[in-house]
Trainee: 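Before anything else, here's the structure in question.
Below, each value reflects all heavy atoms present in this structure, side chains not excepted, and no hydrogens, waters or symmetry copies. In each ligand, atom 1 is the first atom listed, and ligand 1 is the first ligand listed.
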Amino acid sequence: MAKQQNVFAFIDGDKKTRKEQARAVRALGLEAQRQLDESQPKKDFNAGFPKRRWSSGGQPRRHSGRGASILHDGGVKVAGHTAATAYPFCAGPNLGASGPPIGEDLYGGGLFCADPWDLYRRGIISGMAMLLFGTVGTGKSSLSKSWTTRLVQFGKKLAVASDLKGEWTEVIHRLKGKVIQIGPGLPTRLNPLEEGVRPSIDRMGNPLSDEGWAMMVRTRRLSILTTIVKILTGQDDLTPAENNALQEGVEGAIAIAERAGRMMIIPDVIEALKVAEKESPRKISDACEDLVMSLERLHTGDVGGMFDGLSTVTFESDVPAVSIDTAALRGATQTGRRVASACCGTWIEAMVTNPDGGQRLVVYEEGWDAVTSRADLERMVENWKLARDYGIFNILILHKVSDLNMAGDQGSQMAAMAKSLLADADIKVIYRQDAAALRATTEELELNDKERQMLKTLPKGTGLWRLGQKTFHVSNDLTDEEEPLFDTDQRLRASGDTGDDDAFVTVGDHRFTDWAAPGAGKDVA
Ligand SMILES: Nc1ncnc2c1ncn2[C@@H]1O[C@H](COP(=O)(O)OP(=O)(O)OP(=O)(O)O)[C@@H](O)[C@H]1O
Ligand SMILES: [Mg+2]
């Protein structure tokens, strides 16, 4: 039986007949419905209501966004000035909330949070390095301390390569980290020829063989010895004979250390060079003699006793933070401090450049000193390129962009290396700049007029953050606990200085705290 509007019929017969009858009944039903609809007037459901005056999208109200013209993907192209006039209070979106808070995003009004590894993962930055510029006392160290200590609480690790002022010591202690204090008369010794932490895999991701590891260690040792000799002799490069002699020295020292059943130390290299001096042809023998004289300065010079024996400290990769406090070297010569910086840097980098070591921040305080030293600059350029592989994020602190020009004359290799640091750093933070430094800063970092004006007057603890192509205006807010911990003014007050010009030394157009100025102290060379 089929049922249709107002029509009842009995259907019978074979399949074909039933189908035909059902079709006829459905047609009858539809016809009956049509006649019924025609005979009855249509009901008006809106009767009695006011007539609708807008489309089914809803009433266009002031803030509803309805009825507004839709912006299509192509957008509207206008000059920055026009856009700023048309939309005066618009700001870009903030960075989101991953990572520890640094302070307030003063454009967007929200919290400014950043985690370099997360920024890399999101494609906002592609290089794992940050440059931090600002004139004396603008809060650069405070920013690096607050950001890194907060990141440590997010599970990252921290290494301060060379803390010339000793201002990180208390911070590292607070993080339950390890401070290595190096200086004349101090008991700590670091062996720059130490093997370092052996990674489980090589750069290609294959398990690291014993031969591969031995090669890595040999290369690293040759590299630091070359660096030390270059600093001590003031040469840009070693002669072929010196290179040859140094290789013989390292080979001989490996055997000496093996016989003694301990790690290789610099006196082993000196001993091996003395042997090679007697046995080698004249040219190499002369080179050996020169190298012995240079390296012996590590025994007798102003860094004597610090890098010429077995390390008295071990690197514990589980410790959340480690710093090398070189404040005790403040009276040393510039050459002495450079050797110390190279040895400390090599030691710490041998420990942290390890893909198994987790994510680690490496801070280079007083970067102006590092970029003027060829040895430090070469190491830094190399490490920055490999930072991603090793899970490292580098922070280099400078006074101004033109500090990078101090590396060398225009067109020189040193200048090119310093410029490559600028290119590799995808996070650039600029604190207040002197009028004299503004032009170079604006040009190198491609800042607009507004940003340039801001740089003159930025208050302490606020700066411009350039992340790739994005710019943020950010304040660094310190907690009540952090403020006294990061307070470097307190030292000036405690030492009786009022923070006026007496506390500083001017070298060229640079202003340094007195003992940190290049050339401070007497040279013993
Ligand atoms: N965001 C901030 N809030 C409050 N005080 C701050 C802030 N940043 C820095 N300070 C204070 O300003 C003083 C100088 O800061 P800091 O040592 O970080 O400057 P700096 O730029 O590293 O100086 P220098 O060029 O001498 O290394 C410190 O005493 C610190 O406590
Ligand atoms: Mg500082």
Trainee: Assess whether side chain to side chain donor-acceptor pair (under 3.5 Å) is satisfied between Ser142 and Asn476, documenting all intermediate values.
Mentor: CA-CA 8 Å; Ser142 299; Asn476 173 215; 5.8 Å; no
Trainee: Closer than 4.0 angstrom: is that true for some heavy atom of Glu365 and an atom of ligand 1?
Mentor: no
Trainee: Mind jotting down which residue pairs meet the salt bridge (charged side-chain N to carboxylate O under 4.0 Å, His left out) criterion with at least one end in residues 112-133? Sequence neighbours excluded, please.
Mentor: Asp115-Lys156, Asp118-Arg121, Asp118-Arg122
Trainee: Using a 4.0 Å cutoff against the non-hydrogen atoms of His399, which atoms of ligand 1 qualify?
Mentor: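 In order of numbering, the contacting atoms are 25 (O).
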Trainee: Measuring from the heavy atoms of Lys165, does anything fall under 4.0 Å of ligand 1?
Mentor: yes
Trainee: Answer with yes or no whether the side chains of Ser323 and Asp325 bring together a donor and an acceptor at under 3.5 Å.
Mentor: no
Trainee: Using a strict cut-off of less than 4.0 Å between a Lys/Arg side-chain nitrogen and an Asp/Glu carboxylate oxygen, indicate whether Lys419 and Glu444 qualify as a salt bridge.
Mentor: yes
Trainee: Please confirm whether Glu483 comes within less than 3.5 Å of ligand 1 when only nitrogen or oxygen atoms on both sides are compared.
Mentor: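 By distance alone, the answer is no.
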Trainee: If the cut-off is 4.0 Å to any non-hydrogen atom of Gly461, which atoms of ligand 1 fall inside it?
Mentor: 1 (N)
Trainee: Between Phe472 and Phe112 (judged by ring centroids, cut-off 6.0 Å), do the two rings come close enough to count as a pair?
Mentor: yes
Trainee: Taking non-hydrogen atoms only, is Leu478 closer than 4.0 angstrom to ligand 1 via side chain, backbone, both or neither?
Mentor: side chain
Trainee: With Tyr431, which residues qualify under ring-ring contact (aromatic ring centres under 6.0 Å, His included), at least two apart?
Mentor: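 ring-ring contact (aromatic ring centres under 6.0 Å, His included) check on Tyr431 returns nothing, list empty.
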Trainee: Regarding Asp424 and Lys385, does a basic nitrogen lie under 4.0 Å from an acidic carboxylate oxygen?
Mentor: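 Salt bridge between Asp424 and Lys385, a charged N being under 4.0 Å from a carboxylate O: yes.
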Trainee: Out of Ser141, Gly137, Ser142, who is nearest to atom 22 (O) of ligand 1 when you count heavy atoms only?
Mentor: Ser141
Trainee: What do we get for Lys460 next to ligand 1 when only non-hydrogen atoms under 4.0 Å count, side chain, backbone, both or neither?
Mentor: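 Within the 4.0 Å criterion, Lys460 contacts ligand 1 through side-chain atoms alone.
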Trainee: Can you find a side-chain donor-acceptor pair between Glu104 and Ser475 that sits under 3.5 Å?
Mentor: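 Not at all, the side chains of Glu104 and Ser475 share no donor-acceptor pair under 3.5 Å.
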Trainee: When you compare ligand 1 with Asn476, is there at least one nitrogen or oxygen pair between them that comes in under 3.5 angstrom?
Mentor: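 For ligand 1, there is an N or O atom that lies under 3.5 Å from one belonging to Asn476.
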Trainee: Taking the Mg ion (ligand 2) as the centre, how many protein N/O/S atoms fall inside a distance shorter than 2.8 Å?
Mentor: 1
Trainee: Which pairs, with at least one residue in residues 445-473 and sequence neighbours excluded, count as a salt bridge (charged side-chain N to carboxylate O under 4.0 Å, His left out)?
Mentor: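 Qualifying pairs, neighbours excluded: Lys460-Asp489.
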Trainee: Between Glu482 and Arg150, does any side-chain N to carboxylate O distance fall below 4.0 Å?
Mentor: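 Result for this pair is yes, salt bridge flagged.
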Trainee: Counting from 1, what ligand 1 atoms have a heavy atom of Val136 closer than 4.0 Å?
Mentor: 25 (O), 26 (O)
Trainee: Is a side-chain donor or acceptor of Thr227 paired with a backbone partner of Ser223 at a separation under 3.5 angstrom?
Mentor: yes
